[in-house]
Number of protein chains: 2
Amino acid sequence: MNLYSFILRKGYTSLQNNKLDLQKNKSEKYNKILNSAGAVFAEYGFYKATIAQIAARAGVADGTLYLYFKNKDDILYQFISFKTDVVFKKMNAAVEKGQNAEDKLRNLIRCHLEEFQNDKNMAIIFRSEVRYLRDIEPQIKDISKMYLDLLSDIIEQGQTEGSMRQDLFVGLVKRFILGAVEGVIGTWVSADGRYDLVSMADPLVDLYLTGVRGE
Amino acid sequence: MNLYSFILRKGYTSLQNNKLDLQKNKSEKYNKILNSAGAVFAEYGFYKATIAQIAARAGVADGTLYLYFKNKDDILYQFISFKTDVVFKKMNAAVEKGQNAEDKLRNLIRCHLEEFQNDKNMAIIFRSEVRYLRDIEPQIKDISKMYLDLLSDIIEQGQTEGSMRQDLFVGLVKRFILGAVEGVIGTWVSADGRYDLVSMADPLVDLYLTGVRGE
DNA sequence: TTAGATAATGAATCTTTATTCATTTATCTT
DNA sequence: AAGATAAATGAATAAAGATTCATTATCTAA
């Protein structure tokens, strides 16, 4: 055993993370494993997925996974962390492009649907495995939480502008909005992604804004 | 080995189910196990929950579970089937009590929130384990599906009455409504059920009906 | 070109748990 | 109350699969 693998194997987390961070840029093997894991987790669920499946799909040996990840949990953790970062950056950018609250909301929802449509594995895993992830890694950057914060800002801006009602219970409204998008995404996933998810964005925002009631 | 346990053990499904149906009335042991399973599944998730934990909590031996259930999967299946039946009956009754579409929608949402508030374990399990359940038992009576059908009827009635817009995309609206309730329930669960969920019903329905936009 | 370092392999190990079933205990029947 | 019948027990089994690590392959720099 050499020093490097010693560091990798024993719990020297910070060193290990440094190493892995470097590898995120360098090693396409890291990425290959992560993608394979995404596919396998999405298809079988985290628990039914096996290391052997992930390794086979990535075209590496079982043991190789342990050079890049601490353990099975860590693979899920890295996957979700990475996706969360990417998606959340895009969502922020989308919101910033909007002028008023309605624009911002529309951009956010569209971006959300786009990103999930473009990465069905991620959509499935976010839907199904977040609970487990929070169990193993409570301080995970939680995309729902960040999302809800974005929504708070938008709603408050809307109220200031006068484009949204003053009597809204913001805490409820934001969950209402997030819940509805997630529901729509969940349905799309169940339908195996067979229709265009992004085209739901405008009708959905329309529902948020004006509701179901006739004029 | 006697005939009874022979029947129970080998895959004579229909006989077994008959037996179990009888026992649902007779045996409080069956119910005790099911409740314990609910608590343990809710706390640890289906996979991390062990037979030993469930048995201990029910105050019986591990082997006893196999007199009442085919296997671990079957426990989850029975739990969800039973709860689905109960809840869905109540939801139907609630809807029928309403006169017009708005009343019906309000009753449905209130009933939904009440039932889940009164049974947090069920709320957690429905949220987290339905995917797995569909994997193992695809023909499960799916509460979401039934719920969505209820909503379809309500929305169509609303359109007929003129209390709901004609231009609604019903397929979207119903997922929108269900998604939003589920989101609100999920938040309540995450907050460990510390506030009153049912009081969300009216504000929520108000959002469905009139949306977020100012007048 | 090759010695030393790094990376990858995959068979063997180790742990965890669901499930079984021989045995014991409780319940019923006459 | 004895003899069945049914129910319950929990230690032993067996399978699955995550993780390890001795071995092999690949790379790098002089």
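The sequence lines fix the lettering, A, B, ..., with proteins before strands; numbering per chain opens at 1. Predicted, not measured: the structure shown is a model, and the values here were computed from it.
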Looking only at the aromatic ring of each residue, does the gap between the centers of A:Tyr132 and B:Tyr47 stay below 6.0 angstrom?
no

Taking the side chain as every heavy atom from C-beta outward, state whether A:Val95 and A:Asn107 have any pair of such atoms under 4.5 Å apart.
no

Do B:Glu115 and B:Gln117 get their side chains close enough for a donor-acceptor pair, meaning under 3.5 Å?
no

Pick out the pairs of N or O atoms, protein on one side and nucleotides 11-18 of chain D on the other, that lie under 3.5 Å.
residue	atom	partner	partner atom	Å
D:dA18	OP1	A:Ala49	O	3.4
D:dA18	OP1	A:Lys72	NZ	3.2
D:dA18	OP2	A:Ile51	N	2.7

Rounded to the nearest angstrom, tell me the gap between atom CG in B:Leu65 and atom C1' in D:dT9.
12 Å

To the nearest angstrom, the CG-C1' distance between A:Asp74 and D:dT19 comes to 14 Å

Under 3.5 Å: donor-acceptor pair, side chain of A:Asn118, backbone of A:Glu114
yes

Would you say A:Lys29 reaches C:dA8's phosphate, i.e. side-chain N/O to OP1/OP2 under 4.0 Å?
yes

Quick test of your reading of the model: are B:Lys104 and B:Asp153 salt-bridged, counting only N-O distances below 4.0 Å?
no

What is the separation between atom CG on B:Leu76 and atom C1' on C:dA18, rounded to the nearest whole Å?
15 Å

Do the ring centers of A:Tyr30 and A:Phe69 come within less than 6.0 Å of each other?
yes

How close or far is atom C1' of C:dA8 from atom OH of A:Tyr68, stated in whole angstroms?
8 Å

Using whole Å, report how far CD1 of B:Ile54 lies from C1' of C:dT17.
12 Å

Report the distance from atom CG of B:Asp73 to atom C1' of C:dT19, rounded to the nearest whole Å.
13 Å

Over how many whole Å does the gap from B:Lys70 atom NZ to C:dA18 atom P extend?
17 Å

Provide, to the nearest angstrom, the distance between the CG atom belonging to B:Leu67 and the P atom belonging to C:dT25.
17 Å

